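Side chains included, hydrogens not; waters and symmetry mates left out as well; all remaining heavy atoms used. From a predicted model like this one, the values you see are computed outputs, not experimental measurements. Order of the sequence lines fixes the chain letters, A, B, ..., with proteins taken first and strands second; residue numbering starts at 1 for each chain.
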Amino acid sequence: MRKRPGIGAIHKQRVEQERFRGKATELQDNVFEQMTNQMEKFRTNLETFASKHRNEIKKNPAFRKQFQEMCSSIGVDPLASSKGFWSELLGVGDFYYEIAVQVIEVCMATSQRNGGLITLGELRHKLIKARGKAQHHQNISNDDIIRAIKKLKVLGSGFSIISLKDTQDSSDVLIRSIPGELNADHTEVLKIAEAQAFTSIETMKCKLKWDDVRCQQIINELIRDGVAWVDEQSTAKTYWFPSFFKPLINEG
Amino acid sequence: MEFSWPWEYDFPPFFTLQPNLDTQKKQLEAWRKLVIDYCHHNKIFVLDVQESIPLFQNKTIDRQLSSEGIKRVLEILQENNQIEWCDKSKKQCFVYWKTPQEWGNLIYCYIIDKGMTNTVCTFYELTEGDDVKNEEFAGLDKSMLLKALETLEASKKAEVIMFGGSEGVKFF
């Protein structure tokens with residue numbers, strides 16, 4: 001007759017289990033350590049790469065964009081680095097932080113006129129003008145500006161980015177600098193108004209297939225937000241958007 | 001030099017009194033500035049409301065501010081002490097792109113500069129004479145000149161007098 005497992009056996013089993021558990025933990029620790037080392041290696045390589053191609057990154061917006069994309073694909077975000085990655089790399093104050101501050105300045109200066117809604121094209125045009133006078137002048141791209149604004153969004157500053165189309169064509173992206181609700185319906189109206197800087201209820205009905213009530217409601221909301229103005233001297237009432245009005249955009 | 005119109009002047013809705021009160025505020029402020037800048041540029045000292053209509057319309061875009069709109073603009077100007085009605089009929093007003101005080105000071109500085117204190121000048125000399133051709137107050141409207149001199153009188157810097165049938169002023 002076999003002996004039934006005694007206390008000794010149970011004890012032994014428990015010790016074995018502990019050892020396995022310990023091994024698992026040890027293994028986990030090991031893997032984790034390896035991962036950390038790998039990440040460090042990646043980071044170092046990235047930084048080496050960045051230093052080597054520093055000038056290219058500094059001068060060439062397209063190259064800079066590719067570099068950013070490469071970083072995100074391996075889960076490294078130089079923008080989030082607290083060591084001032086970009087300031088070390090580019091040798092000037094935090095590159096994107098600087099752009100973000102200038103974006104805020106331009107938006108504040110123009111929001112009186114356009115209701116806090118500005119096209120990316122106009123924003124970039126004014127930014128370049130302002131930066132041209134500064135000592136360290138790098139060529140900034142639409143992509144740079146969008147990244148800087150996204151940084152602002154993270155801080156909850158009330159900035160939002162509105163795409164009128166699926167492209168990153170500068171005239172098709174709007175930056176909203178006043179916190180407010182611009183929903184999909186509002187965006188639809190902006191899309192059809194963009195080309196001529198104005199629209200009408202008839203045009204809205206025709207292009208968007210909405211009824212009178214919906215058209216009027218949406219346009220009233222845009223008027224209330226200070227984004228649209230009313231012209232009562234056109235044959236049918238028209239609604240105009242300073243944000244798209246060329247003489248204003250091209251001014252100063 | 002050609003007057004440089006602000007972007008709003010080519011913006012059709014600028015000529016419609018805006019329903020959104022915040023936007024209307026911005027609109028009226030832009031009109032206020034336009035009136036002052038326009039009068040300054042063209043050295044207009046007195047504005048006749050009826051005749052000022054061209055200022056409140058843009059033929060190129062076929063738009064015109066309504067009389068209600070013009071009234072609101074003039075109200076804003078008055079609130080800012082930048083216009084003063086000539087009389088109760090509110091048909092004409094002085095436009096203070098420079099206040100009478102500022103005019104007075106300008107004239108007085110000129111007088112000091114030329115060492116002309118304790119002499120008498122006629123109004124004509126002060127505004128139309130060859131010597132003042134390049135001064136800002138050249139061509140100053142007579143009523144405006146009087147207002148300016150009144151401010152100087154108040155600070156004992158001048159005295160308006162009649163002599164030989166013309167009006168003149170002595171500076172101290």
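Scanning both residues, B/Thr23 and A/Ile223, for their nearest heavy atoms gives OG1-O, 4.3 Å.
Screening residues 48-96 of chain B for ring-ring contact (aromatic ring centres under 6.0 Å, His included) gives B/Trp31-B/Phe56 as the qualifying pairs, with residues at least two apart or on separate chains.
At a heavy-atom separation below 4.5 angstrom, chain A is approached by B/Asp62, B/Arg63, B/Gln64 within residues 58-83 of chain B. Using non-hydrogen atoms only and a strict 4.5 Å limit, no part of residues 104-140 of chain B faces chain A. Residues of residues 9-17 of chain B that come within less than 4.5 angstrom of chain A, heavy atom to heavy atom, are B/Asp10, B/Phe11, B/Pro12, B/Pro13, B/Phe14, B/Phe15, B/Thr16 in numerical order.
No part of A/Thr238 comes within reach of chain B, as not one of its non-hydrogen atoms sits under 4.5 angstrom from that chain. For a residue to count as touching a neighbouring chain, one of its non-hydrogen atoms must lie under 4.5 Å from one of that chain's; by this rule B/Gln27 touches chain A with backbone and side chain alike.
Residue with the most contacts toward chain B among A/Trp229, A/Phe245, A/Tyr239: A/Trp229 (heavy-atom pairs, distance under 4.5 Å).
Expressed to the nearest 0.5 Å, how far CG of B/Asp22 lies from CD of A/Gln112 amounts to 9.5 Å. Taking NZ of B/Lys26 as the reference point, atom CZ of A/Arg113 lies at 10.5 Å (rounded to 0.5 Å).
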